[in-house]
2 protein chains.
Amino acid sequence: MNKINIKYLAKELNLAISTVSRALRDSHEISPETKEKVFALAKRLNYQPNANASGLRAQETKMIAVVIPDMVNDFFSLVISGIEKVTQAQGYHILLYFTHGDHALEVSFINTLVNGRVDGVLLSITDESNDNEHLAQLNDKGIPLVLFDRVSERMDNVKVTSDNYESAITATKHLIDTGCKKIAYLKVDKSIPVGNIRKNGYLQALKKYSKQKTPLVVECPNNNDEAFAAIHNMLLAEKPDGIFASVEKLAVICYRVCEQANVKIPEDIKVISFSNLQTAALLNPSLTTITQPAFEIGETAARELLRIIRKKGSAKGDVVLQSRLIERKSTFRG
Amino acid sequence: MNKINIKYLAKELNLAISTVSRALRDSHEISPETKEKVFALAKRLNYQPNANASGLRAQETKMIAVVIPDMVNDFFSLVISGIEKVTQAQGYHILLYFTHGDHALEVSFINTLVNGRVDGVLLSITDESNDNEHLAQLNDKGIPLVLFDRVSERMDNVKVTSDNYESAITATKHLIDTGCKKIAYLKVDKSIPVGNIRKNGYLQALKKYSKQKTPLVVECPNNNDEAFAAIHNMLLAEKPDGIFASVEKLAVICYRVCEQANVKIPEDIKVISFSNLQTAALLNPSLTTITQPAFEIGETAARELLRIIRKKGSAKGDVVLQSRLIERKSTFRG
DNA sequence: CTGTTAGCGCTTTCAA
DNA sequence: TTGAAAGCGCTAACAG
């Protein structure tokens, strides 16, 4: 249980500490034979440099923080996977923080990060309406920050998002184009900001491409039974011929509602849904989905962050990634 | 963009570096007035101790590594949430690593962790049949390790698991008790070890509680269409009256298969499924699920790890958490 | 109660 | 080509 550090290697080999250090970094001013010896011993003892010491010395940690609302969510799971792919390839480590939608927690996390714990921060902000002094702190301290998905217009950092507004238009228009005259929008719980953005796309599409006068927005709470009831009531009262679900779970509930009400998909009613994991799509061969490029958002955000860390230049600019509409004529040979 | 460190605070206040350090740690040997001054300035400048320096000095990092196969998976998402709850409450940070089922990656991650990057490791091992020299390394270096979910019998670390075998028996017995005479088991892709454990529970329950002579094990590949076909073929050929799905996704596919084949759930066939996020349960009021305590596994594993880190005593012992069977007589007033 | 100093493990001048 | 030594920021032993 001896500590395997440079000092120990040096003593074992009768070399100076600095020589060993240089050898390990493959410096050109060390003779091949010495390098050989050092490498051999280091390997044999599985020498690993002490991260704290290197970090302290070099003022960099090879770690980035990822701060997200939470994890029980297909979208963020996929984003993290994308981030991980990039950071892993470039030798960076991920520190993970959940804000649970609590702005105060976000502030406290960011505060602990301003003094050299990480080389950069990837953040999906908790409360877009709130102040962002804490983020300004990061900029002050020269710690690169890239925002993704939930961004703040008031920050001029690099932002990576997807086209929620435009793709909601696309989705709605798709229903219109396939003949729907009365389209309802299933809006996810108000705690999820994207529900509003997508609603705006829905409204815009109705105005622009449809004769439908009154929008049909169903507020669906997080509670499944309440959401079921809300959709069920709307279905019976309004008899729409098209439904646009803002998130995958609502499409699943909607599917069940239709079954209950003896409404056939897609004969009586067409359904389109945002979807990340495509579980809903397993249900019905005719369910068309619109998929956010979650994994790519993660990859892109991470790539941007590492780029900025490297250049030490806090570049600006936004990246907007496109969602994809997936039409299923027949899955599982229906 | 001045560096806010103890030295800087000391200079500003005309105090010695050590005095400031002690004041910040609220040492009893510092006068209240001095403390006051130090606290005030530290707060005003948002002083945050340099994690590398503290870590180097104290030989501890307040970070733990979480190493899992991947993240696009309800189970591990929930586990991480549980881990996060505990670590966050106790001031620890999470370093996240994905092995993607690659044993070599796992080895390489663990190797980078042996030299003081983290205070402890939470691991769900990638390949249970493989060697675990790398884990022995951790023990050698005195870095606490807690295994969860996918554990190795050959290691004598603390292990936190759930009762996959027993709960598979419970699930199968539940079908038998409700009158099923011919029960099929939908086995998840062979890359998922738990598919086999649960199969053994299924077999055991048949032997012990049922007259059913031949088990019906359907091998379901990861590919949805192939899984659909496998289940569909079995359904037509064997006409079982009960189905036990080893994972939630297979229950969803099975649901669709039944619909295709015009087989009614639960009138013609009873279905029970392992399920973490209960998406499948939204589908059918009569779907009974068996739920792993994923969140609790995370909490427990983290709690055990932090306990060991604190005591510096590598305690042993296993924790097995119980799955819960959830019977739904009627959801969504069917 | 406060200051001086050594040292955690590493990298990097500066010297030899 | 190698060695000696300083210093990254922090804490704690020792001294006053």
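The sequence lines fix the lettering, A, B, ..., with proteins before strands; numbering per chain opens at 1. Worth saying up front: this structure is predicted, and the values here are computed from it rather than measured.
Near-neighbour residues of DNA chain C inside residues 20-34 of chain A, defined by a heavy atom below 4.0 Å, number-ordered: S21(A), R22(A), R25(A). Less than 4.0 Å separates DNA chain D from no heavy atom of any residue of residues 41-55 of chain A.
Distance I17(A) CD1 to dA15(C) P: 20 Å, rounded to the nearest Å. Protein atom CG of N115(B) is 9 Å distant from nucleotide atom C1' of dG9(C), rounded to whole Å. The distance from atom NZ of K62(A) to atom P of dC10(C) is 17 Å, rounded to the nearest whole Å. Per the geometry, CZ belonging to R117(B) stands 14 Å off C1' belonging to dC10(C), to the nearest Å. In this structure, Q59(B) atom CD and dG9(C) atom C1' are separated by 8 Å, rounded to whole Å. Following rounding to the nearest Å, E36(A) (CD) and dT2(D) (P) show an atom-to-atom distance of 13 Å. What separates NZ of K7(B) from P of dG7(D) is a distance of 8 Å, to the nearest Å. At whole-Å resolution of the value, CD1 in I6(A) and P in dG3(D) are 13 Å apart.
Take T34(B) and apply the side chain to side chain contact (heavy atoms under 4.5 Å, CB included) test, not counting sequence neighbours, and it matches L15(B), T19(B), I30(B), S31(B), V38(B). Remark: E36(A) engages no residue in a side chain to side chain contact (heavy atoms under 4.5 Å, CB included) (not counting sequence neighbours). Applying the salt bridge (charged side-chain N to carboxylate O under 4.0 Å, His left out) criterion to E304(A), with sequence neighbours excluded, gives R307(A). Here K35(B) pairs with D26(B) under the side-chain hydrogen bond (donor to acceptor under 3.5 Å, both in side chains) rule; sequence neighbours left out. For K85(A), the salt bridge (charged side-chain N to carboxylate O under 4.0 Å, His left out) test picks out E299(A), with sequence neighbours left out.
A close approach under 4.0 Å does occur between a side-chain nitrogen or oxygen of T19(B) and OP1 or OP2 of dG3(C).
Listed by first and then second residue, the ring-ring contact (aromatic ring centres under 6.0 Å, His included) pairs involving residues 111-154 of chain B are H103(B)-H134(B) (not counting sequence neighbours). The ring-ring contact (aromatic ring centres under 6.0 Å, His included) analysis of residues 5-54 of chain A, with sequence neighbours excluded, yields no pairs.
Atom-to-atom distance recorded for Q292(A):CD and T161(A):OG1 is 10.0 Å, nearest 0.5 angstrom. With rounding to the nearest 0.5 Å, the separation of CG in L96(B) from CG in L122(B) is 11.0 Å.
For the pair L56(B) and S18(B), both in contact range of DNA chain D, the more 5′-proximal nearest nucleotide belongs to L56(B).
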